[in-house]
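Take a look at the structure set out below.
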Amino acid sequence: MMSYPSSKITWDCHMHSSFSLDSDTPAEEMILSAISKGLKGICLTEHHDPDYPDIPEKADWGLDIQNYHSSLLQLKEQYKDQLEIRFGIELGLQPHLANGFSSLLKEYPFDFVIGSSHVLHGEDPYYPRFFAGRDEAECYTEYFESILENLNAFSDFDVYGHIDYIVRYGPNKNQNYSYSRYREILDAILKSIIGKNVGLEINTGGFHYGLGQPNPCSEVIRRYRELGGEIVTIGADAHTPDTIARDFQKAAEILHTCGFRYYTVFRNRKPEFISL
């Protein structure tokens with residue numbers, strides 16, 4: 001059996017399987033990989049992005065939640081003696097979707113809900129067209145402002161996911177990006193999530209995208225702690241088995257440096273704090 005890295009983080013709470021449009025991996029393969037790495041628990045957080053733009057490519061990012069839920073219940077029972085498996089979702093936030101999300105969360109017994117910004121003002125910055133002919137800093141600011149728009153419209157989720165997601169795809173990525181450069185808007189976001197009792201996700205996918213940092217970067221994590229933030233979840237944003245728990249040792253070191261002595265997992269939408 002593959003040994004787990006020396007990190008004390010034994011839960012991966014952001015991952016996708018073939019229930020999400022951008023993964024071809026069956027959920028069972030993700031579970032078996034987590035077991036082989038010695039994890040204590042995982043939470044699958046499949047994408048649900050209604051009203052995703054048709055341009056530049058037409059794609060349905062909605063989720064068959066009924067099928068996902070029933071399948072996960074079977075897998076949870078099958079592997080209950082080897083791994084704790086929890087039922088999560090990653091909501092692609094847009095202000096006009098607030099009422100639909102509220103209804104959805106009353107219908108299904110999610111353990112954990114990530115709110116994420118993938119689409120802003122009809123565009124996903126994953127695609128270079130979002131940046132075409134525009135100043136990169138202007139694009140980053142628009143993205144951060146859209147997070148505040150989302151929070152003002154809807155905040156019934158447990159953590160805000162990868163709040164500097166846009167930096168993964170900018171023309172210069174994080175070469176010209178720092179907390180200090182966007183201090184005013186980032187502070188507004190952090191104060192808003194703290195005030196709404198929403199936590200911060202530490203997404204180690206940033207290392208995979210060549211940033212040398214998680215999303216958000218360590219400066220933002222430190223500022224969140226300084227402002228009184230306490231809820232931090234850890235996820236690798238894995239879409240394939242090999243990337244589960246990726247760079248968790250680095251995440252643990254960053255959390256310690258920023259003043260955290262614990263991280264958070266959710267059960268039945270309630271936080272549980274685990275020592276690092």
The criterion is side-chain contact (heavy atoms from CB on, under 4.5 Å); which residues satisfy it with [X], sequence neighbours excluded?
X: N268; value: D111
X: P128; value: none
X: H256; value: R261, L276
X: T141; value: E145, Y182

What's the spacing between [X] [atom1] and [Y] [atom2] if we round to 0.5 Å?
X: D124; Y: E57; atom1: CG; atom2: CD; result: 9.5 Å
X: I9; Y: Y263; atom1: CD1; atom2: OH; result: 6.5 Å
X: I31; Y: L44; atom1: CD1; atom2: CG; result: 6.0 Å
X: M30; Y: T240; atom1: CE; atom2: OG1; result: 6.5 Å
X: D247; Y: I202; atom1: CG; atom2: CD1; result: 13.5 Å
X: L120; Y: L93; atom1: CG; atom2: CG; result: 12.0 Å

Could you tell me whether the side chains of [X] and [Y] share a donor-acceptor contact shorter than 3.5 Å?
X: H162; Y: E201; answer: no
X: Y68; Y: S17; answer: no
X: E253; Y: Q249; answer: yes
X: D237; Y: T204; answer: no

Taking all non-hydrogen atoms of both residues, which atom of [X] and which atom of [Y] are closest, and how far apart?
X: S117; Y: I147; value: OG-CG1, 3.6 Å
X: T233; Y: T264; value: CG2-O, 3.3 Å
X: I221; Y: P214; value: CD1-CG, 4.1 Å
X: P241; Y: S33; value: O-OG, 2.7 Å
X: A34; Y: L83; value: CB-CD2, 3.9 Å
X: S23; Y: H239; value: OG-O, 2.9 Å

Are the side chain of [X] and the backbone N or O of [Y] linked by a donor-acceptor pair below 3.5 Å?
X: S20; Y: D22; result: no
X: K37; Y: I244; result: yes
X: N174; Y: Y177; result: no
X: H14; Y: A238; result: no
X: D12; Y: A245; result: yes
X: E46; Y: H16; result: no
X: S103; Y: N99; result: yes
X: E149; Y: P95; result: no
X: S18; Y: D24; result: no
X: N150; Y: S146; result: yes

Presence of salt bridge, [Y] and [X], under 4.0 angstrom:
X: E226; Y: R223; value: yes
X: D156; Y: R269; value: yes
X: D54; Y: K58; value: yes
X: K40; Y: E84; value: no
X: E272; Y: R86; value: yes

More than 12 non-hydrogen atoms from neighbouring residues, nucleotides or ligands closer than 6.0 Å to [atom1] on [X], yes or no?
X: Q66; atom1: CD; result: no
X: D51; atom1: CG; result: yes
X: Y169; atom1: OH; result: yes

Pair Y179, D187 - check side chain to side chain donor-acceptor pair (under 3.5 Å), show working. CA-CA 9 Å; Y179 161 71; D187 273 3; 2.7 Å; yes
Transitive ILVMFWY side-chain link L63 to L73, under 4.5 Å: no
Hey, what's the ring geometry for [X] with [Y], parallel, tilted or perpendicular (30° and 60° as the breaks)?
X: W61; Y: Y52; value: tilted
X: F157; Y: F154; value: tilted
X: F87; Y: H69; value: parallel

Kindly indicate, with the supporting measurements, whether the criterion side chain to side chain contact (heavy atoms under 4.5 Å, CB included) is fulfilled by I163 and V220. CA-CA 10 Å; I163 64 170; V220 174; 4.0 Å; yes
Applying ring-ring contact (aromatic ring centres under 6.0 Å, His included), name anything that partners Y224, two or more places apart in sequence or on another chain. none
Going through the distances and angles, do H118 and E90 end up as a side chain to side chain contact (heavy atoms under 4.5 Å, CB included)? CA-CA 10 Å; H118 300 124; E90 182 179 9; 3.3 Å; yes
Cation-pi check for F130 against R134: NZ or CZ below 6.0 Å from the six-membered ring centre and within 45 degrees of the axis, yes or no? yes
Could K250 and F207 be counted as a cation-pi pair, given that NZ or CZ must be under 6.0 Å from the ring centre and within 45° of the axis? yes
Candidate list Y209, Y143, Y140, test side chain to side chain contact (heavy atoms under 4.5 Å, CB included), partner V167, passing option: Y140
Step by step, would you call I35 with L39 a side chain to side chain contact (heavy atoms under 4.5 Å, CB included)? CA-CA 6 Å; I35 292 169; L39 291 181; over 6 Å; no
Yes or no on side chain to side chain donor-acceptor pair (under 3.5 Å) for N215 and R168, after CA distance, side-chain angles and deciding distance? CA-CA 9 Å; N215 298 111; R168 294 178 178 178; 2.8 Å; yes
Show, in sequence, the C-alpha distance, side-chain angles and deciding distance for F131 and I166, and conclude whether the side chain to side chain contact (heavy atoms under 4.5 Å, CB included) test is met. CA-CA 10 Å; F131 298 94; I166 190 171; 3.7 Å; yes
May I ask you to test the W11-I274 pair for a side-chain heavy-atom distance under 4.5 Å? yes
Begin with the C-alpha distance, continue with both residues' side-chain angles, and end with the deciding distance and a verdict on salt bridge (Lys or Arg N to Asp or Glu O under 4.0 Å) for E219 and R222. CA-CA 5 Å; E219 293 173 298; R222 181 179 294 108; over 6 Å; no
By side chain to side chain donor-acceptor pair (under 3.5 Å) - contacts of N67 (at least two apart): S71
